[in-house]
Amino acid sequence: MSADDSTPGYPWYREGLRFECLRCGRCCTGAPGDVWVSEEEIRALAEHLGMTEAALRRVHLKASLWIQARLREKADHDCTFYDAAGGCLAYAVRPRQCRTWPFWRQTLRSPEAWADAARGCPGMNRGRLHALEEIERCRREDGLPGE
Ligand code: SF4
Ligand code: SF4
């Protein structure tokens, strides 16, 4: 049997993938979405912004019954930390979900899923070639809920 994309150890992106963020802000704005944050990330964000954790939760997190917290969105669905002039106001401590894009489990599921995601992100398929090892590390730690 020959190795193919479904063979363990032979993902379709084994030769690496190109990505370079152009800081266009598309992924921080526009359509509604969820940015999940862990307790550790909440502490880091509060410290970075000089706020108490309680204030950060009140101002920057969605009120919800979900087990894991999510960042609040503005009325136009821009991320709570997005600033049109300065970009991400929490860039140094942005959540794992933002740091690991586009190497998420869901975008790496298939070449088609990757191509679909690339339609909304002009930084995909250009710039630096990211090696398999780095991609896999991001995929394992993408910060998204679920398996
Ligand atoms: S959409 Fe892609 S290129 Fe634009 S800011 Fe987001 S990650 Fe960077
Ligand atoms: S935390 Fe920063 S990088 Fe992540 S979606 Fe919000 S503005 Fe964008």
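All values reported here derive from a predicted model rather than from experimental measurement. Note that ligands are numbered from 1 as they come in the structure, with each ligand's atoms numbered from 1 the same way.
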> Is there a donor-acceptor pair under 3.5 Å between the side chain of Thr100 and the backbone N or O of Phe103?
Replying inline: no
> Can a cation-pi geometry be assigned to Arg23 and Tyr91, taking NZ or CZ under 6.0 Å from the six-membered ring centre and within 45° of the ring axis?
Replying inline: yes
> Which protein non-hydrogen atom lies closest to atom 6 (Fe) of ligand 2, naming both residue and atom, and how far is it?
Replying inline: Cys79 SG, 2.3 Å
> Hey, which protein N/O/S atoms does atom 2 (Fe) of ligand 1 have under 2.8 Å?
Replying inline: Cys121 SG
>> Test of understanding: with side-chain hydrogen bond (donor to acceptor under 3.5 Å, both in side chains), list the residues that count as partners of Thr107, not counting sequence neighbours.
In response: none
>> Would you say Trp104 ends up clustered with Trp12 if hydrophobic residues are merged whenever their side chains have heavy atoms under 4.5 Å apart, either directly or through other cluster members?
In response: yes
>> I need the atoms of ligand 2 closer than 4.0 Å to a non-hydrogen atom of Cys28, numbered in the order shown.
In response: 3 (S), 5 (S), 7 (S), 8 (Fe)
> Counting each atom of ligand 2 from 1 as listed, which ones have a heavy atom of Leu71 under 4.0 Å away?
Replying inline: 1 (S)
> Taking only heavy atoms of Pro95, which atoms of ligand 2 are found under 4.0 Å from at least one of them?
Replying inline: 1 (S)
> What protein heavy atom is closest to atom 2 (Fe) of ligand 2, reported as residue, atom name and distance in Å?
Replying inline: Cys88 SG, 2.3 Å
> Is a salt bridge present between Glu136 and Arg139, judged by a nitrogen-to-oxygen distance below 4.0 Å?
Replying inline: yes
> Is there a path of hydrophobic side-chain contacts, each under 4.5 Å between heavy atoms of I, L, V, M, F, W or Y residues, that connects Val35 with Trp101?
Replying inline: no
>> Within the 4.0 Å heavy-atom shell around Cys98, which atoms of ligand 2 are there?
In response: 1 (S), 3 (S), 4 (Fe), 5 (S)
> Any luck finding a side-chain donor-acceptor pair between Glu73 and Tyr82 under 3.5 Å?
Replying inline: no
> Where is the nearest protein heavy atom to atom 5 (S) of ligand 1: which residue, which atom, and how far?
Replying inline: Gly25 N, 3.3 Å
> Around atom CD of Glu20, are there more than 12 heavy atoms of other residues, nucleotides or ligands at under 6.0 Å?
Replying inline: yes
>> Check this for me: does any side-chain nitrogen of one of Glu133 and Arg140 sit under 4.0 Å from a carboxylate oxygen of the other?
In response: no
